[in-house]
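Presented below is the structure to which this report refers.
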Protein chains: 2
Amino acid sequence: MKKRILISDIAKALGISVTTVSFILNDKAKEKRISEALTNRVLAYVQEVGYKPNELAKSLRTGKTKIIALIIEDISNPFFANIARLIETKAYAQGYRIIYCSTDNRLDKTQELIELFYDRQVDGFIITPTVGLAPTIQRLKDHAVPLVLFDRFLADVQTNFVVADNFTGANEATTHLFEQGFERVGFVSLRSEQSQMMDRLTGYSTAVEKQAKERYTLEVATDSWEQDIQDKLADFIKEHRIDALLFATNYLAISGLKAAKAQRFKMPAMIAYDDHTLFEMYEPSISVVSQPVEEIADKLISILLNQMQGKSKSLREVVLPCQLKIRESSRFIS
Amino acid sequence: MKKRILISDIAKALGISVTTVSFILNDKAKEKRISEALTNRVLAYVQEVGYKPNELAKSLRTGKTKIIALIIEDISNPFFANIARLIETKAYAQGYRIIYCSTDNRLDKTQELIELFYDRQVDGFIITPTVGLAPTIQRLKDHAVPLVLFDRFLADVQTNFVVADNFTGANEATTHLFEQGFERVGFVSLRSEQSQMMDRLTGYSTAVEKQAKERYTLEVATDSWEQDIQDKLADFIKEHRIDALLFATNYLAISGLKAAKAQRFKMPAMIAYDDHTLFEMYEPSISVVSQPVEEIADKLISILLNQMQGKSKSLREVVLPCQLKIRESSRFIS
DNA sequence: GTGAAAGCGCTAACAC
DNA sequence: GTGTTAGCGCTTTCAC
């Protein structure tokens, strides 16, 4: 292993002190009124030997790592992967890097991850919280760690968050189905206390009540087997003679499509939550409630950066509108 | 911000020295023959006050960060997102965390990212290299930085790598199409010198020659607009009266399906490279050459860990077989 | 304008 | 067995 060149090497080679080199390297040359000649000489030499400071030592000294922790449900879910991509690009432009981990929505794992990254002195957190995470988040807040939640928020602790307007999203989707002429509109969701799931459920229920129709809901356990989900779905549809369905997540909708294909029944009309290449291309194309991914990523980064730079101490609770993309799967065919 | 508790605080509170605490915390208690009573007292106190060492300081001192840099083409591509997920899980189990960045296959960005993470003292690299990256990789090698490439390798520099057997994958897919009875089998690929693209092309060409048929290839520029790709594809199919197609990547195949949908022509028989939920669910379901993602991730991590732990200095060049999943889209219908 | 030196929090060689 | 202390490589105060 070739030895890395150090700031002291530079100083020695140029016959000046470490301080001077450090000042010049940290753009404090004029502030400290170091001669332009020397400044240029140092810069040229640094360039020549390709010196790069050890960021670790720098971080230890400054307390800043320029790293943001992204603690996310599942990086392989396209919805999260897309957000991750956007966040990464925006953070990168500001000189920040992203360290990520998937939580699988497991509380213990999430807590552990947060502790871990906290010990690593990350500068800020972007988190999709699990139920029960409030105490952990509160602790971060106590330590004045910049953080912002997304996709869902926690009722028990006040924090910055960026979520979609899930109530309205689900409400409009449901209403659209009724307006198309469907009568028995079901809702398939996760058995979860997560805010986004609750809001979607309430959105659906409110729409059903407004239309004075019957509610049909199926809640799937988060740790169900794929096969189990498919069976439950098939039963649910048949038993209640459902003629239209709203799915609370993209993967539930995909399970639904798989069930229909495997068990050879005709999928009723449907709308999915969160867009996916599959929905766009499927025959018939699947209507979706789509979250504004780009804006979510934008807000997340800007809120976090503001906080990290100490610009704003006020709480930011951002709720962004969803977009109902009507495609073929929600068309009424009498 | 509540002050973090330090190892010196522990020592002071217990009236012992930092060394002792450090030894105990680093499992060197018996090695240094520290009394069990003291060991337990320290452990209990550490537990009680919730002391956590500053990992940054630890890293600076030990030179180990327990962080692996994942430098990948595009985290939002399901193929890479899936691998990322698997790598993450396996690394996590070994106490390593992942820091990632997407390169978009741009040389300058990739170089910059590698430098950056190198300066951050990551313990190892997993990289999908771009063309022209050899000098940078060589430099890492000179500095004895553990690294392993994947998805493609570089001819100009010897390194560990894990790739799929792209030649055979493409060859078998092409042969399968001919055996089905198709006559005019085209190949759609990226205009790129990347090894995996070249191998897929050679695999196709060799199969065509063996069958003594005509070659029809379309190479799309990597920075093309989606619309442009679709137009080119439509023209290509019509002009050569293609009756079956092999796509070199999943997104090219998706562009093909989109083109067919938008421009209302019938997609010829086809096989895509890399599986995708869409291909499984599409009507007709799309045959694919699927890479063994799980094994790739396994090999990557085990090779990298071995290297990081200094266990093996020998070069590991792993080529894993692809699996041809025959579905409906490659069926011959006369 | 420039340099010496203190420390960021930790590990581990060395001393006793 | 336990403590003292010298760094890891950097930034920054303070002195000149």
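Since the model is a prediction, treat every value here as computed from it, not as a measurement. Sequence lines set the chain letters: A, B, ... in the order given, protein chains first and strands last, and positions in each chain run from 1.
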Interface polar pairs with nucleotides 7-10 of chain D, N/O, under 3.5 angstrom:
residue, atom, partner, partner atom, Å
D/dG7, N2, B/R61, NE, 3.4
D/dG7, N2, B/R61, NH1, 2.7
D/dG7, N3, B/R61, NH1, 3.0
D/dG9, N2, A/A57, O, 3.4
D/dC10, OP1, A/Y51, OH, 2.6
D/dC10, OP1, A/N54, N, 3.0
D/dC10, OP2, A/I7, N, 2.8

Contacts satisfying salt bridge (Lys or Arg N to Asp or Glu O under 4.0 Å) that involve residues 75-85 of chain B (not counting sequence neighbours) are A/D74-B/R85, A/D104-B/R85

Pairwise side-chain contact, A/I137 with A/L147, heavy-atom cut-off 4.5 Å (strictly under): yes

The first and last nucleotides of DNA chain C lying within contact of chain A, meaning any atom under 4.0 Å from one of its heavy atoms, run from C/dG1 to C/dC8

Checking all strands, does B/I16 fall into the base, sugar-phosphate, or nothing category for heavy-atom contacts under 4.0 angstrom? sugar-phosphate

Rounding to 10 degrees, work out the angle separating the end axes of the helix from C/dG1-D/dC16 to C/dC16-D/dG1 (five pairs an end). 50°

So the salt bridge (Lys or Arg N to Asp or Glu O under 4.0 Å) pairs with at least one residue in residues 54-66 of chain B (sequence neighbours excluded) are none

Scan for side chain to side chain donor-acceptor pair (under 3.5 Å) pairs involving residues 21-37 of chain B, sequence neighbours excluded, and state none if there are none. B/S22-B/N26

Strictly by ring-ring contact (aromatic ring centres under 6.0 Å, His included), give each pair with a member in residues 65-110 of chain B just once, sequence neighbours left out. A/Y100-B/Y100

Mind checking ring-ring contact (aromatic ring centres under 6.0 Å, His included) for B/F161 and listing every partner two or more places apart, or none if nothing turns up? B/F153

Of A/T19 and A/R33, the one whose closest nucleotide on DNA chain C sits nearer the 5' end is A/R33

A/S35 near the nucleic acid: base, sugar-phosphate alone, or nothing, with a heavy-atom cut-off under 4.0 Å? sugar-phosphate

Given B/S59 and B/Q121, is the side chain to side chain donor-acceptor pair (under 3.5 Å) satisfied, shown in steps? CA-CA 9 Å; B/S59 297; B/Q121 321 283 117; over 6 Å; no

Would you call B/E294 and B/K90 a salt bridge, taking side-chain N to carboxylate O under 4.0 Å as the test? yes

Could you check if a side-chain atom of A/M308 sits within less than 4.5 angstrom of a side-chain atom of A/Q94, using non-hydrogen atoms only? no

All pairs passing ring-ring contact (aromatic ring centres under 6.0 Å, His included) where residues 17-54 of chain B contributes a residue, at least two apart: none

Sequence neighbours excluded and cut-off under 3.5 Å, please list the side-chain donor-acceptor pairs for residues 10-19 of chain B, or say none.
residue, atom, partner, partner atom, Å
B/S17, OG, B/T19, N, 3.3
B/S17, OG, B/T20, N, 3.4
B/S17, OG, B/T20, OG1, 3.2

When you measure from the side chain of B/T128 to the backbone of B/E73, do you find a donor-acceptor pair of N or O atoms at a distance under 3.5 Å? yes

Verify the contact: side-chain N or O of B/T20 to OP1 or OP2 of D/dG3, cut-off strictly under 4.0 Å; return yes or no. yes

Atom pairs under 3.5 Å, N or O on each side, protein against nucleotides 14-16 of chain D: can you list them with distances?
none

Can you pull the salt bridge (Lys or Arg N to Asp or Glu O under 4.0 Å) pairs that have at least one residue in residues 116-128 of chain B, sequence neighbours excluded? A/R4-B/D119, A/K52-B/D119

Looking for any heavy atom pair under 4.0 Å, which part of the strands does B/L38 touch: base, sugar-phosphate only, or nothing? sugar-phosphate

